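A short worksheet on the structure shown next.
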2 protein chains.
Amino acid sequence: MGRVKQFKVEDALAKATDVFWHKGFEAASLSDLTEEMGIQRPSLYDTFGSKAELYRDALMAYQAGARAQLEQLLAEGATPVDSLRRFLSTAIPNSVNDRKGCFCVNASIETASHEAEIQEVLQKHFAQVQTLLARYVSAGQAAGEISLDLSPMDAAGYLLTLIHGLHVTARTTADPAILTARAECGLSALLP
Amino acid sequence: MGRVKQFKVEDALAKATDVFWHKGFEAASLSDLTEEMGIQRPSLYDTFGSKAELYRDALMAYQAGARAQLEQLLAEGATPVDSLRRFLSTAIPNSVNDRKGCFCVNASIETASHEAEIQEVLQKHFAQVQTLLARYVSAGQAAGEISLDLSPMDAAGYLLTLIHGLHVTARTTADPAILTARAECGLSALLP
DNA sequence: ACTATAATATACCGAAGAGTACAGAAAAGT
DNA sequence: ACTTTTCTGTACTCTTCGGTATATTATAGT
């Protein structure tokens, strides 16, 4: 009973994700959000509660999508090391205008220190990605492609830190060749 | 002739740096700034021009200080590799409440993509730090401590990316031991 | 068709945002 | 001492912020 929603919640959330992703929390105004989402202000509050909650939901939606994409991307690698190399490559912008970076890195810098809940959301996501990567590290070790010096989880954590660094570097370094070289250098730490 | 300034410009700038450093550009209001700087609003505009210019000045002041500190820190290392290890350690918070991270990393994420001038300021600073690090890489290579596979500048650039990643990771990872392990793993990429 | 219910749209709220006009206060030159 | 110049402090501007009250519209069950 009652009137039905004139918009798809997940579509609106996806649009909100885009806005927060490349403007950040503070710089994204409600007008920016409602305009991009194509809904009115009260609809936003009725559906998502507040700007802060919308931000959290948007971040979580982004993370879920990123993990799904990552799983697929890793599976496509010819070898475990190739999979990990592909992972690192996702931090390298191929066109000039996909300079949004990684929403999780942005959130880590802008909001993690102030907002405990966001910090938790990020920690959980990173832990899941780490576990995902660790499987490939482990497979690489079994195949003799990767050194046995580190545990798979430690190596995976290191790769996470490395890709974070690539995302930061990409903000001021346009040349993909430089970024690729740095990724390759970082990856070499895992080779036997 | 005329009235003399009631405050020291560099002191006020240092205070402004603190505010921007741990709040970011958007989240730092003029009230935050003037209160912390201990000056009135018109004095701020008269001396620094605008919030954006103050931000740029604050960032540059931070960079100059950071480079001076870095130069000293690197010189204190027992060996070139030890110096580089100390460099990476600066990204690891020793107390619970120095979670401001690195102003340059914050600026890279929050403002570099929107503001061309800030991007330039960051690029120049990072280039200088890279050059500084490259000297120690070179010395390490001469001493046989560091692999000859990479050019000093490439290796230095990689270290820069690595420390960026450490700064991001530190936002959601409290344990210094984990960060140290990741730094060590990253550093191992340069060893022979 | 009627009614209860839920979503929409318009218009608004007080608060806080960045930036400034203007008058008073202090220092330097004469 | 007086004038000129520069800085300071109060109070203001206009705009935009996040969030909401209210009235209207559309749907589902009866």
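Every chain is numbered from 1, with letters handed out A, B, ... down the list of sequences. If you're wondering where the values come from, they're calculated on a predicted model, not measured in any experiment.
Contact annotation for B/Q6: backbone-only contact, meaning every heavy-atom pair under 4.0 Å involves sugar-phosphate atoms and none involves a base.
DNA chain C lies under 4.0 Å from no heavy atom of any residue of residues 48-56 of chain A. Within residues 19-39 of chain A, no residue places a heavy atom under 4.0 Å from DNA chain C.
Considering only residues two or more places apart in sequence or on other chains, A/F87 meets the ring pair (Phe, Tyr, Trp, His ring centres under 6.0 Å) condition with none of them. Under the ring pair (Phe, Tyr, Trp, His ring centres under 6.0 Å) criterion, A/F48 pairs with no residue at all, not counting sequence neighbours. Listed by chain and residue number, nothing satisfies the salt bridge (Lys or Arg N to Asp or Glu O under 4.0 Å) test with A/E120 (two or more places apart in sequence, or in another chain). With sequence neighbours excluded, the residues forming a ring pair (Phe, Tyr, Trp, His ring centres under 6.0 Å) with B/Y55 are B/F20, B/F25, B/F103, listed by chain and number. Applying the salt bridge (Lys or Arg N to Asp or Glu O under 4.0 Å) test to A/D149 and every residue at least two apart in sequence or in another chain returns nothing.
Here B/I109 is tied into one hydrophobic group with A/V105, A/I109, A/V168, B/V105, B/V168, each link being a pair of ILVMFWY side chains closer than 4.5 Å.
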Identify each donor-acceptor pair in which a side-chain atom of residues 178-192 of chain A lies under 3.5 Å from a protein atom, sequence neighbours left out, and give them as a table.
unit_1: A/T180; atom_1: OG1; unit_2: A/P176; atom_2: O; d: 2.8
unit_1: A/R182; atom_1: NE; unit_2: B/G157; atom_2: O; d: 3.4
unit_1: A/R182; atom_1: NH1; unit_2: B/G157; atom_2: O; d: 3.1
unit_1: A/R182; atom_1: NH1; unit_2: B/T161; atom_2: OG1; d: 3.1
unit_1: A/E184; atom_1: OE1; unit_2: A/R85; atom_2: NE; d: 3.0
unit_1: A/E184; atom_1: OE2; unit_2: A/R85; atom_2: NE; d: 3.3
unit_1: A/E184; atom_1: OE2; unit_2: A/R85; atom_2: NH2; d: 2.8
unit_1: A/S188; atom_1: OG; unit_2: A/C185; atom_2: O; d: 2.5

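The ring pair (Phe, Tyr, Trp, His ring centres under 6.0 Å) analysis of residues 121-140 of chain B, with sequence neighbours excluded, yields the pairs B/F126-B/H164.
When DNA chain D is scanned in the 5' to 3' direction for atoms under 4.0 Å from non-hydrogen atoms of chain B, the outermost contacting nucleotides are D/dT5 to D/dT10. Where DNA chain C meets chain B (any atom under 4.0 Å from a heavy atom), the bounding nucleotides read 5' to 3' are C/dG17 to C/dA28.
A donor-acceptor contact shorter than 3.5 Å is absent between the side chain of B/S43 and the backbone of B/I39.
Two residues are said to be in side-chain contact when any heavy atoms from C-beta on lie closer than 4.5 Å; A/D32 and A/E36 fail this criterion.
More than 12 heavy-atom neighbours from other residues, nucleotides or ligands sit within 6.0 angstrom of CD on B/E26.
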